[in-house]
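Comments concern the structure below.
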Amino acid sequence: MRTVTHFIHGTMAPLAGARLSDIFDPATGAVQAQVELGTPALLQRAIDSALAAQPAWAATNPQRRARILFRFKELIEAHMDDLAHMLSSEHGKVIADAKGDIQRGLEVVEFACGIPHLLKGDYTQGAGPGIDVYSVRQPLGIAAGITPFNFPAMIPLWMASMAIACGNAFILKPSERDPSVPVRLAELALEAGLPAGILNVVHGDKEMVDAILDHRDIKAVSFVGSSDIANYVYARAAQNGKRAQCMGGAKNHGIILPDADMDQAVADIVGAAYGSAGERCMALPVVTPVGQETADIFREKLMAAIATLRPGIPTDPDAQYGPLVTGQHKARVESYIQMAADEGAEIVVDGRGFSLQGYEDGFYLAPTLIDHVTPRMKSYQDEIFGPVLQILRAQTFEEALGYPSQHQYGNGVAIFTRNGDYARRFAADVEVGMVGINVPIPVPVAYHSFGGWKRSGFGDLDQYGEDGVRFYTRTKKITQRWPTGGAVIDQSFVIPTMK
Ligand code: NAD
């Protein structure tokens, strides 16, 4: 059986006697490979490699670093098909969606190609008599990234391209459920001209994550995953004096006002709720129609749309979405459907028990629709992360605004309306980090930044965009005065001021 191993200093780095974790083929349910779980000693090999390579990389001028990123981007584009198939075979998302995963990561690589401009500092001439002040952005040294299973290309690329562009070495610890694409991306970066040691990939579970969090040579940690672990990573990293940006789970709401373009809203919501089997942190798993009539029209149109959906194998071009990532995750999603029923919600469409002919052991779940959900239900409060859409009815705009604002998660939210006044008030007041107005999945483009609020994001800097540059650099502030040959300036025992 194939074993996925670590990638250190430009080469595969197997670990003798490593613990192994199964990698499934979600389409068939079979174990297709195993990944080696690393140890603190293995991490030390990656650190030694990064320490050796980073000073020269930091000293490489930013334009040269950008040229390597350009070549990296071109290589990813040239390998798009292979990468998408590799990604789908471990994750389960359909090929078109896997290409979207890679493309959204690629867009951050493109942004990182602008690093010469992004790293320009500030300069003040004449801040005092003969005094100039300037600030420069310097790399941190070694940064690490810990990533989730659901975007095995996009999220590693968000982090690695920004960290590397800024002159750091980057150690990536991808999800053990779909680790092959991250390793392949590191190989392509090497082929693009990135020096060995600047992008190392180590695999593992909690043991490896803890080793990263405790290692004094790692100066910053980027994490994306579920909220409890994001919180844990944030706290332990901070305790060890590291910078941390830790993105967590989500429960995004789609608010539908009575004047919305209902057919468009339904089309948008079906894609955002069931695409990628609902395994997206920017999915829309809750819909809040305002008013009885809006809810009833929405429900009827949605049921018609659901009836046309077909989960299938990732390579089936007619399938809208594929299987869930593991059997364990499928069982968890099914348990939430049962929980909602037990809590008194109405299971309008039940996706459990779906079987795909010829792939009976695959991890498929048909679309599920649950109505009459209330804020007190645990199935509403928790993230389900599957093809399950819940309807939480509201009577007024204010009530609908309150639900996402009061929810423990605050990643994304969308409002569907033709009324600019309501949309504007909603965007201003809602307690959520990323807002869509008639846009169901408002993932900001690469030159803005990505991040949620509340339990969806721990730390004060977002991913990519200018926040990415701020996170992976530290500013040095220099105040200078040059001898002019004039009289000696009097000694002063008072703090210098601009009085
Ligand atoms: P996860 O939290 O299980 O795993 C994320 C990473 O943490 C993995 O690399 C994993 O190996 C590691 N990990 C797992 N258990 C750990 C432990 N006990 N201690 C230390 N490290 C541990 O998340 P997942 O299931 O891979 O991904 C899905 C989750 O990620 C969802 O909650 C989703 O909302 C979230 N997510 C959030 C965003 C965002 O930007 N907010 C984006 C994508 C996914």
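Whatever order the structure lists ligands and atoms in, that order sets their numbers, starting from 1.
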Does Phe151 have a heavy atom less than 4.0 Å from any atom of ligand 1?
no
Heavy atoms of the protein only: does one fall short of 4.0 Å from atom 25 (O) of ligand 1?
yes
Where is the nearest protein heavy atom to atom 35 (C) of ligand 1: which residue, which atom, and how far?
Gly225 O, 3.1 Å
Which residue owns the protein heavy atom closest to atom 15 (N) of ligand 1, what's the atom, and how far is it?
Ile229 CD1, 3.1 Å
To the nearest 0.1 Å, how far is atom 19 (N) of ligand 1 from its closest protein heavy atom, and which atom is that?
Lys206 CG, 3.5 Å
Please state which protein non-hydrogen atom is closest to atom 44 (C) of ligand 1 and give its distance, to 0.1 Å?
Asn150 OD1, 3.2 Å
To which protein heavy atom is atom 42 (C) of ligand 1 closest, and what is the distance rounded to 0.1 Å?
Cys281 SG, 2.9 Å
Pro182 versus Pro152, closest heavy-atom pair with distance:
CG-O, 3.5 Å
Atom 1 (P) of ligand 1: of Ser226, Gly452, Ser227, the nearest heavy atom sits on Ser226
Near Val224, which atoms of ligand 1 are under 4.0 Å from a heavy atom of that residue?
5 (C), 36 (N), 37 (C), 38 (C), 39 (C), 40 (O), 42 (C), 43 (C), 44 (C)
Please confirm whether Arg177 comes under 4.0 Å of ligand 1, counting heavy atoms of the residue only.
yes
Counting neighbours of CZ on Phe354 that are heavy atoms of other residues, nucleotides or ligands and sit closer than 6.0 Å, is the number greater than 12?
yes
Taking the six-membered ring for Trp, are His91 and Phe151 closer than 6.0 Å centroid to centroid?
no
Close N or O approach (Gly249, ligand 1; < 3.5 Å):
no
Between Glu383 and ligand 1, which residue portion shows a heavy-atom distance shorter than 4.0 Å: side chain, backbone, both, or neither?
side chain
Does NZ or CZ of Lys251 fall inside the cone over Tyr403's six-membered ring, less than 6.0 Å from its centre and within 45° of the axis?
no
Less than 6.0 angstrom separating the ring centers of His253 and Tyr380, yes or no?
yes
Have a look at ligand 1 and work out which part of Glu176, if any, has a heavy atom under 4.0 Å from it: side chain, backbone, both or neither.
side chain
In terms of relative ring orientation, are Phe385 and Phe149 parallel, tilted or perpendicular, with 30° and 60° separating the classes?
perpendicular
Checking a contact table here: which protein heavy atom is nearest atom 7 (O) of ligand 1, and how many Å away?
Phe223 CE1, 3.3 Å
Verdict with reasoning, Val233 to Phe458, per side-chain contact (heavy atoms from CB on, under 4.5 Å):
CA-CA 9 Å; Val233 168; Phe458 302 86; over 6 Å; no
Quick check: Thr147 and ligand 1, any N/O pair under 3.5 Å apart?
yes
Contact between ligand 1 and Asp210 is defined here as a heavy atom of the residue under 4.0 Å from a ligand atom; is it met?
no
Among all protein heavy atoms, pick the one closest to atom 21 (N) of ligand 1 and tell me residue, atom and distance.
Val209 CG2, 3.4 Å
